[in-house]
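Quick caveat, the model's predicted, so the values are computed rather than measured.
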Amino acid sequence: GSWRVPTYEDAITPAELDFRCSKCSAKLDRHKPGEWVAELPSKSDDCHGYHISKLFASQISLLELWRNYKNLQNEAEFWNSDLGLPYSGAAEKINIENLDKARGRLEPYRMSSGSTEPATMGVDVGKLLHFVIGRRRMDGVNQIIRFGAVATWPEIFALFPIFNLKMCVIDGLPPQPQLQEILKDKKLRYRTKLGFFGESKDYTKQNPKVDLNLSLNRTLFCDTLIQDYYNNRVALPIDAHLVYDGEFYKHLMAIQRIHEIDKKTGDTKVTHVNPFPGRQDHWFFASGYQKIASEMIAIQAKQLMQSLI
């Protein structure tokens with residue numbers, strides 16, 4: 001046998017309301033003494049984390065949980081409050097079907113080593129600098145031509161001439177002193193923006209010539225990227241699922257849209273989280289920044305046309 005965290009898949013057999021292992025069908029006693037087992041042993045010396053749901057509560061019967069599930073109008077409440085899990089319904093995250101469909105959106109092409117056509121880039125900041133490069137086609141499809149990860153800012157800016165980058169949006173946090181030094185170059189500064197999540201401003205109304213910092217609504221940022229994949233508005237290289245050991249796919253599928261309910265008001269709030277311990281999501285956010293960069297190019301062009309009228 002092995003230790004098992006009680007899950008909803010184990011709990012409910014509608015005919016019997018039994019608590020059984022979903023792997024071997026053996027009956028489980030959810031009230032027996034358990035043992036804490038590290039899900040990420042490499043982190044267990046630093047801290048312990050615990051995920052407790054109502055499946056552990058001896059006062060809560062499986063019948064009561066089943067009734068909550070069947071009678072609740074808002075299914076998100078059951079998953080959030082009873083099971084302590086994020087609720088993910090249809091179109092709440094990018095899935096593998098969306099990504100495979102994006103690889104077949106255009107005639108098959110592989111990751112590019114450069115571009116003569118204008119392109120844009122998004123960069124997410126972590127231990128490495130994850131980047132995504134793409135170009136907006138005339139038919140509206142955002143064609144991703146390159147993604148990767150480098151260690152230094154000079155490596156990022158070396159991509160500008162290679163891929164004919166006209167705009168780059170970079171994760172604004174944490175602050176990067178070396179980046180600020182590089183952006184003293186006016187030519188680079190004009191083609192580079194720093195993205196900050198907030199609610200106060202609409203970046204589409206900002207002036208790309210003047211504003212270095214862009215205020216981005218995080219919910220819209222994530223939602224629109226997810227919707228682009230659902231609506232088949234993104235094209236990926238045919239080998240996108242193979243390079244970097246498939247990590248690009250994992251990053252894109254890491255972010256989920258969940259519904260949190262305010263227990264005082266009953267209002268539902270939408271947010272986006274990464275519920276997978278240890279899984280990175282840098283290429284998801286780099287993809288979103290690249291999408292913003294392509295929109296900034298369109299804003300610049302519109303402002304230029306208006307100035308000529």
Side-chain angles (χ1 to χ4, degrees), residues 115 118-136 142 144-226 228 234 248 251-252 254-255 271-274 280-304:
S115 176
T120 59
M121 177 166 68
V123 181
D124 193 53
V125 177
K127 290 184 179 179
L128 294 175
L129 305 173
H130 288 74
F131 66 86
V132 173
I133 298 173
R135 50 178 175 244
R136 181 76 62 176
N142 188 19
I144 305 305
I145 58 176
R146 186 81 187 181
F147 56 83
V150 297
T152 67
W153 289 112
E155 289 175 281
I156 286 291
F157 286 97
L159 297 170
F160 274 57
I162 297 173
F163 286 90
N164 193 16
L165 296 175
K166 300 302 182 184
M167 181 63 68
C168 175
V169 175
I170 299 173
D171 180 10
L173 294 174
Q176 301 289 316
Q178 187 183 22
L179 173 61
Q180 294 294 340
E181 282 296 313
I182 292 175
L183 292 182
K184 289 180 179 179
D185 182 325
K186 290 184 178 179
K187 292 182 178 179
L188 291 177
R189 188 182 181 90
Y190 176 72
R191 290 185 287 164
T192 305
K193 306 300 171 189
L194 303 181
F196 296 88
F197 291 124
E199 306 294 336
S200 59
K201 293 182 71 176
D202 181 356
Y203 72 91
T204 61
K205 298 178 181 178
Q206 294 183 240
N207 188 336
K209 290 186 177 180
V210 177
D211 296 326
L212 173 64
N213 297 339
L214 300 179
S215 182
L216 310 174
N217 181 298
R218 192 176 189 276
T219 299
L220 291 177
F221 176 96
C222 296
D223 273 349
T224 55
L225 180 61
I226 293 170
D228 275 0
V234 181
F248 181 77
H251 284 220
L252 268 290
I255 297 298
T271 188
H272 294 79
V273 300
N274 179 346
Q280 297 186 33
D281 50 33
H282 296 298
W283 276 313
F284 177 96
F285 287 97
S287 296
Y289 292 129
Q290 184 273 327
K291 172 182 165 66
I292 299 295
S294 68
E295 293 172 359
M296 295 302 295
I297 290 293
I299 293 170
Q300 281 186 330
K302 183 178 179 180
Q303 290 177 348
L304 177 60

Q) Between R218 and H272, is there a donor-acceptor pair closer than 3.5 Å when you use the side chain of the first and the backbone of the second? A) yes

Q.
Measuring only between side-chain heavy atoms, which start at C-beta, is F196 closer than 4.5 Å to S215?
A. no

**Q.** Rounded distance [0.5 Å steps], CD in E295 versus CD in Q290
**A.** 9.5 Å

Q. Is the closest side-chain heavy-atom distance between R136 and K291 below 4.5 Å?
A. yes

Q.
Do I182 and Q176 have side chains that approach each other closer than 4.5 Å (heavy atoms only, starting at C-beta)?
A. no

Q.
Are M121 and I156 packed together at the side-chain level, in the sense that at least one heavy-atom pair is separated by less than 4.5 angstrom?
A. yes

Q. Sub-3.5 Å donor-acceptor pair from the side chain of H130 to the main-chain atoms of D124, do we have one?
A. no

Q: State, yes or no, whether a side-chain contact exists between R146 and L159 at a heavy-atom distance under 4.5 Å.
A: no

Q: Apply salt bridge (charged side-chain N to carboxylate O under 4.0 Å, His left out) to D185 and list each qualifying residue two or more places apart in sequence or on a separate chain.
A: none

Q: Please name the pair of heavy atoms, one in C168 and one in F160, separated by the smallest distance, quoted to 0.1 Å.
A: CB-CZ, 3.6 Å

Q.
Applying side-chain contact (heavy atoms from CB on, under 4.5 Å) to W153 and I170, what does each step give before you reach the verdict?
A. CA-CA 11 Å; W153 289 112; I170 299 173; 3.5 Å; yes

Q: Taking T192 for its side chain and R189 for its backbone only, find out whether a donor-acceptor pair lies under 3.5 Å.
A: no

Q.
To the closest 0.5 Å, what do you measure between NE2 (H251) and NE2 (H282)?
A. 6.5 Å

(Q) Measuring only between side-chain heavy atoms, which start at C-beta, is L183 closer than 4.5 Å to L212? (A) yes

Q.
Between D281 (side chain only) and F284 (backbone N and O only), is there a donor and an acceptor less than 3.5 Å apart?
A. no

Q) Looking only at heavy atoms, which two atoms of V125 and D171 are closest? And how far apart? A) N-OD2, 3.5 Å

Q. Which heavy atom of A293 sits nearest a heavy atom of T120, and at what distance?
A. CB-CB, 3.7 Å

Q: Hey, could you give me the CZ/CZ distance between F147 and F248, rounded to the nearest 0.5 Å?
A: 5.0 Å

Q: Working to the nearest 0.5 Å, report the span between CG of L173 and CG of L194.
A: 9.0 Å

Q. Roughly how far apart are I144 CD1 and W283 CH2, rounded to 0.5 Å?
A. 13.0 Å

**Q.** Exercise: identify the closest heavy-atom pair between C222 and F285
**A.** SG-CE2, 4.3 Å

Q) Mind checking what makes salt bridge (charged side-chain N to carboxylate O under 4.0 Å, His left out) contact with K184, not counting sequence neighbours? A) E181

Q. Hey, are the side chains of Y289 and L225 touching, using non-hydrogen atoms and a 4.5 Å cut-off?
A. no

Q) Is there a side-chain contact between F163 and F131 (heavy atoms, below 4.5 Å)? A) no

Q.
Which heavy atom of A151 sits nearest to which heavy atom of L128, and what is that distance?
A. CA-CD2, 4.1 Å

Q. Distance from I145 atom CD1 to N142 atom CG, nearest 0.5 Å?
A. 10.0 Å

Q.
Please find the pair of heavy atoms, one from K166 and one from I297, that lie closest to each other, and give the distance.
A. CB-CD1, 3.5 Å

